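What you see is a predicted model; the values in this text were computed from it and never measured. Note that these values count all heavy atoms, side chains included, but never hydrogens, waters or copies made by symmetry. Letters A, B, ... are given to chains in the order of the sequence lines, protein chains preceding strands, and every chain is numbered from 1.
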There are 2 protein chains.
Amino acid sequence: MLTNTEENYIKAIYHLSVDNKTVRTNAISEVMNTTPASVSDMLKKLSDKSYIYYEKYQGVSLTKKGKTEALQVVRKHRLWEVFLVEKLNFNWDEVHEIAEQLEHIQSKLLIERLDDFLDNPTSDPHGDPIPNAKGEMPVLRQVLLSELEVNGKAKVMGMKEHSPAFLQYLDKLGISIGSAVKVTDRVVFDASVELKVNDKKTMVVSHEVAKNILVSPID
Amino acid sequence: MLTNTEENYIKAIYHLSVDNKTVRTNAISEVMNTTPASVSDMLKKLSDKSYIYYEKYQGVSLTKKGKTEALQVVRKHRLWEVFLVEKLNFNWDEVHEIAEQLEHIQSKLLIERLDDFLDNPTSDPHGDPIPNAKGEMPVLRQVLLSELEVNGKAKVMGMKEHSPAFLQYLDKLGISIGSAVKVTDRVVFDASVELKVNDKKTMVVSHEVAKNILVSPID
DNA sequence: AAAGTAATTTAGAGGGATCTAAACTTAGGG
DNA sequence: CCCTAAGTTTAGATCCCTCTAAATTACTTT
Ligand SMILES: [Mn+2]
Ligand SMILES: [Mn+2]
Ligand SMILES: [Mn+2]
Ligand SMILES: [Mn+2]
């Protein structure tokens, strides 16, 4: 049985594991808001318990066992976020903090009942895919809005950034999951993206914003 | 901000505070499954933080502040139990352990939204009253089934004991909240109660069982 | 009222999670 | 190729919660 803290570390390592690079101590300390010293302690513990592969000074990666645990926590987090938005009428920028707490509730049965109650959703309010009970997750072929070619059309599928500030900004722009977007121009100077949303509103978003919006191109 | 453990101690003290007697260290250690030594430590801490009145060797009682906290935890516990039974189709004997975890989720907004989602219930699946957001709780005039006179009629309002074993036994007997009961006889030897449930089934329950069923007499 | 017993508190310790400061390792620039 | 800066680990400490064992206090019983 993992403690809440251990679950959080494993989840952080999971989220930091892009491509097959090893995850570094400092990167973990940053997302966990702890010191590298604390991370080192925890890595030793998680390694002893076989949740991670760990070689001193070389960074870590999740074992099969660790990845399974991580995916269960991610599953719970995202299902609770769906619950909060769909059933309790929270806005998508308000749910992450509460889900950070709810994701640690221990009850297999609870999460399966919740999944059914929500009609087995496949993605959360931010467009992130929800692993199934076995920890399988559909790999979605998505591209960043910042990478879409001029005149390219696409459907908004999700957001990489989940901060309330970012999500509220999208609300203001009228961009949400499912929105149809068309890139009408790209500013050479700063890579800002000019786009049309739902065939109506035309707007310009910074490269930074465009980099955090995941879209699925329509050919 | 209280830790989960502090919340649990305060809740335990609340539940042990019947009539105006002071709550004793050993009683707390028993319901918390800890040693009296651990309780003493915690009492000192809670007293320093003004959640309880504490005089060494004399037992404790909750301050206004402590009672307010306790009632909020109780409110959350019972609302989550309603959620689990009403929305996720749990049986009433399965919800307590999960609610023990959920009651510590910190979010005022969440609990108010949950309350609305559940249509502001006034009692939980075991018949226990749910404090409102201000911590007010209706005082229900209830009596134990064991105290009902022979030929007395009553409606089952709640259970004092919440263990799965007890609740499952009631399921088997066909006794649930709202059941109409009539005491047809009382065995002098061991105070067992003979009763008729919903004008149909006649059965005998032990004094011990009857002592744990709360009823509201019908005149 | 003193003794004996039960309840309670204190002392001392350990595990979990965190920190700061110091020591160590790695890797890149001169 | 070695030296230094950045990254990482270790050492030593604190806070929280828990324990066992010992000491203290309160209550009961004679
Ligand atoms: Mn989230
Ligand atoms: Mn999300
Ligand atoms: Mn309960
Ligand atoms: Mn209950």
Peer 1: Write down the distance between NZ (A/K44) and P (D/dA11), rounded to a whole number of angstrom.
Peer 2: 11 Å
Peer 1: Can you see if the side chain of A/Y54 gets near the phosphate of D/dT8 - specifically, an N or O under 4.0 Å from OP1 or OP2?
Peer 2: no
Peer 1: Give a yes-or-no answer on whether the side chains of A/E208 and A/S206 include a donor-acceptor pair shorter than 3.5 Å.
Peer 2: no
Peer 1: Taking only residues two or more places apart in sequence, or in another chain, which ones meet B/T122 in a side chain to side chain contact (heavy atoms under 4.5 Å, CB included)?
Peer 2: none
Peer 1: B/K67: which residues meet the salt bridge (Lys or Arg N to Asp or Glu O under 4.0 Å) condition with it, sequence neighbours left out?
Peer 2: none
Peer 1: Between atom CG in B/D41 and atom C1' in C/dT10, what is the gap in whole Å?
Peer 2: 9 Å
Peer 1: Tell me the interatomic distance from B/M32, atom CE, to D/dC16, atom C1', rounded to whole angstroms.
Peer 2: 14 Å
Peer 1: Give me, pair by pair, the N or O atoms of the protein and of nucleotides 20-26 of chain D that are less than 3.5 Å apart, along with how far apart they are.
Peer 2:
unit_1	atom_1	unit_2	atom_2	d
D/dT24	O2	B/Y57	OH	3.3

Peer 1: Name all residues meeting the side chain to side chain contact (heavy atoms under 4.5 Å, CB included) criterion together with B/E147; count only those two or more places apart in sequence or in a different chain, and write none if there are none.
Peer 2: B/V143, B/L144
Peer 1: Pick one: which of A/E136, A/E112, A/E69, A/E81 meets salt bridge (Lys or Arg N to Asp or Glu O under 4.0 Å) with A/R75?
Peer 2: A/E112
Peer 1: Kindly state which residues belonging to residues 5-30 of chain A come within less than 4.0 angstrom of DNA chain D, counting heavy atoms of the residue only, listed by number.
Peer 2: A/R24, A/T25, A/N26
Peer 1: Whole-Å distance between C/dG15 P and A/M1 CE?
Peer 2: 21 Å
Peer 1: Round to the nearest Å and state the distance from B/L2 atom CG to D/dC16 atom P.
Peer 2: 13 Å
Peer 1: When the distance from CD of A/E55 to C1' of C/dT26 is rounded to whole Å, what number comes out?
Peer 2: 14 Å
Peer 1: For B/D190, what residues pass the salt bridge (Lys or Arg N to Asp or Glu O under 4.0 Å) criterion, not counting sequence neighbours?
Peer 2: none
Peer 1: Please tell me if the side chains of B/L46 and B/V60 come closer than 4.5 Å, counting only heavy atoms from C-beta onward.
Peer 2: no
Peer 1: Whole angstroms only, please: what is the CG-P distance between B/L43 and C/dT8?
Peer 2: 10 Å
Peer 1: For residues B/M137 and B/L71, determine if any side-chain heavy atom of one lies less than 4.5 Å from a side-chain heavy atom of the other.
Peer 2: yes
Peer 1: Using side-chain contact (heavy atoms from CB on, under 4.5 Å) as the criterion, point out the one residue from A/L62, A/T5, A/V73 that pairs with A/I10.
Peer 2: A/L62
